[in-house]
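Only one structure is covered here, and it is reproduced in the block below.
Each ligand, and each atom within it, is numbered from 1 in the order the structure gives.
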Amino acid sequence: MTNGLDGVVAADTRLSHVDGLRGELVICGYSLDDLAGHISFEAIAHLLLEGQFEGLPDRTSFRNYLGAARLKAFALAAHADDAILLLEPLEAIRALIARMPDGDDLDAALLLLAAPGVLLPMLLRRRVGQSVIAPDASLSHAQDMLRMLCGDMPSRVQSDALDTYLVTICDHGFNASTFAARVVASTWAGLTSSFVAGLSALKGPLHGGAPGPVLHMLDGIGKPEHAAAWIETALDRGDRLMGFGHRVYKVRDPRADALKGAVRRLAAGSGVTPGRLHLAESVEHAALDILSRRKPGRSLDVNVEFYTALLLEALGFPADAFTAVFACGRAAGWLAHAREQRLTGRLIRPESHYIGPRSAAA
Ligand code: CMC
């Protein structure tokens, strides 16, 4: 079955829908516009996991359960050796999570949902010689992540910005990392194995690895008036512009505007300098203009990663940790999809189309 876009094969899911022609994202029946900035990460994670796990606590208590899972993740990783700090943050998180046993139940899911948000601040503090900060189970996931990263309670506008980000990127159809997680789940391997597959697929720059390079692009451009020349030179070299283009969206990625709104609110609360936002907008306009001229008919527009870079920078995350923050939110989608797939009991096993040689005798 196809969904109207050439070569894109669709399969059933109740979790999310990406309409690439209309630029719409629906998660658990709700449009992204009704979710981002309106509900918490805990609430959307609860919606995604609903129906997938027996014993799921009600929406209100879910926050406490996730808080308790953060404490458990912290205890499990407390003795991680220093060698782990030599890895990129996402690789280090993957290594620590890979040590957790496989399971299929709610406890296993909650631990995995909590883990990246605890491990990331812990690793980032340890690598600059700062003492680690234990989770506070009474806080929201976004508040606690920022508190464990910076040491102080974040402002409301900061924690709202991270919450909006985590909700915006929590699920997105059968993207590469979710598909990888579902394939592993379909073998009945267990949630940790699925999760590690998701983390691994997310890492590449064509998927979740783009926002760090977006920031490097903005830094390389430096001033709005340099944007067009910088972009032309990069495209002459054969580079791709990070933060632009999408396999499914043939119009603007709706997540980009959800995040741009969050960046604007942060700017109003002085989390992003007006100059930084102006630079990003100038780069966006120049890139869209140049891409439409150089790649006519390709419909290349801004994607989620562009304003992610600005948002996460303003919240104090270093560029090499951006993909790991993505994993903190997408964890909800991976777990829900892995479980949805597991409950079907069906192995995913696409057929290959052989185009190699055949011997004359065969
Ligand atoms: N910059 C310059 N040219 C591009 C870009 C870009 N960002 N994206 C696509 N193109 C060109 C590509 O070179 C090709 O040109 P031609 O036909 O002349 O060879 C044409 O557009 C079609 O490219 P494609 O590779 O067939 O498109 P795709 O659907 O495979 O690519 C993509 C999707 C996201 C991998 C690609 O747009 C890309 O590499 N973007 C930059 C990386 C990026 O921002 N990744 C984050 C994606 S959003 C997060 C997520 O949901 O995963």
Show me the donor-acceptor pairs, under 3.5 Å and distance only, between side chains in residues 91-101 and residues at least two apart or in other chains.
{"unit_1": "Glu91", "atom_1": "OE1", "unit_2": "Glu88", "atom_2": "N", "d": "3.1"}
{"unit_1": "Glu91", "atom_1": "OE2", "unit_2": "Lys203", "atom_2": "NZ", "d": "3.1"}

Worksheet item: With ring centroids as reference points, do Phe306 and Phe244 lie under 6.0 angstrom apart?
Response: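 Here the rings of Phe244 and Phe306 have centres that are less than 6.0 Å from each other.
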Discussion item. Centre-to-centre under 6.0 Å for His337 and Phe174, is that the case here?
Written reply: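 They qualify: ring centres under 6.0 Å apart.
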Item to complete: Mind telling me whether His172 and Tyr249 have parallel, tilted or perpendicular rings, with 30° and 60° as the class edges?
Response: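 Tyr249 and His172: tilted rings.
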Worksheet item: Does the Glu42 side chain pair with the main chain of Ser61, one donor and one acceptor, at a distance under 3.5 Å?
Response: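 Checking the backbone N and O of Ser61 against the side chain of Glu42, no donor-acceptor pair under 3.5 Å is found.
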Worksheet item: Once you round to the nearest 0.5 Å, how far does CD1 of Ile27 lie from CG of Leu47?
Response: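 Interatomic distance, Ile27 CD1 to Leu47 CG, rounded to 0.5 Å: 9.5 Å.
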Expected rows: ligand 1 N/O, protein N/O, dist below 3.5 Å:
{"unit_1": "ligand 1", "atom_1": "1 (N)", "unit_2": "Leu241", "atom_2": "N", "d": "2.9"}
{"unit_1": "ligand 1", "atom_1": "7 (N)", "unit_2": "Leu241", "atom_2": "O", "d": "2.7"}
{"unit_1": "ligand 1", "atom_1": "7 (N)", "unit_2": "Phe244", "atom_2": "O", "d": "2.8"}
{"unit_1": "ligand 1", "atom_1": "15 (O)", "unit_2": "Lys295", "atom_2": "NZ", "d": "3.2"}
{"unit_1": "ligand 1", "atom_1": "17 (O)", "unit_2": "Arg298", "atom_2": "NE", "d": "3.1"}
{"unit_1": "ligand 1", "atom_1": "17 (O)", "unit_2": "Arg298", "atom_2": "NH2", "d": "2.4"}
{"unit_1": "ligand 1", "atom_1": "18 (O)", "unit_2": "Lys295", "atom_2": "NZ", "d": "2.9"}
{"unit_1": "ligand 1", "atom_1": "25 (O)", "unit_2": "Arg240", "atom_2": "NH1", "d": "3.2"}
{"unit_1": "ligand 1", "atom_1": "25 (O)", "unit_2": "Arg240", "atom_2": "NH2", "d": "2.9"}
{"unit_1": "ligand 1", "atom_1": "29 (O)", "unit_2": "Arg247", "atom_2": "NE", "d": "2.8"}
{"unit_1": "ligand 1", "atom_1": "30 (O)", "unit_2": "Arg247", "atom_2": "NE", "d": "3.2"}
{"unit_1": "ligand 1", "atom_1": "30 (O)", "unit_2": "Arg247", "atom_2": "NH2", "d": "2.8"}
{"unit_1": "ligand 1", "atom_1": "39 (O)", "unit_2": "Arg240", "atom_2": "NH1", "d": "2.9"}
{"unit_1": "ligand 1", "atom_1": "40 (N)", "unit_2": "Phe244", "atom_2": "O", "d": "2.9"}
{"unit_1": "ligand 1", "atom_1": "44 (O)", "unit_2": "Gly243", "atom_2": "N", "d": "2.8"}
{"unit_1": "ligand 1", "atom_1": "44 (O)", "unit_2": "Asn303", "atom_2": "ND2", "d": "2.9"}
{"unit_1": "ligand 1", "atom_1": "45 (N)", "unit_2": "Leu206", "atom_2": "O", "d": "3.3"}
{"unit_1": "ligand 1", "atom_1": "51 (O)", "unit_2": "His246", "atom_2": "NE2", "d": "3.1"}
{"unit_1": "ligand 1", "atom_1": "51 (O)", "unit_2": "Arg255", "atom_2": "NH2", "d": "3.2"}
{"unit_1": "ligand 1", "atom_1": "52 (O)", "unit_2": "His207", "atom_2": "ND1", "d": "2.5"}

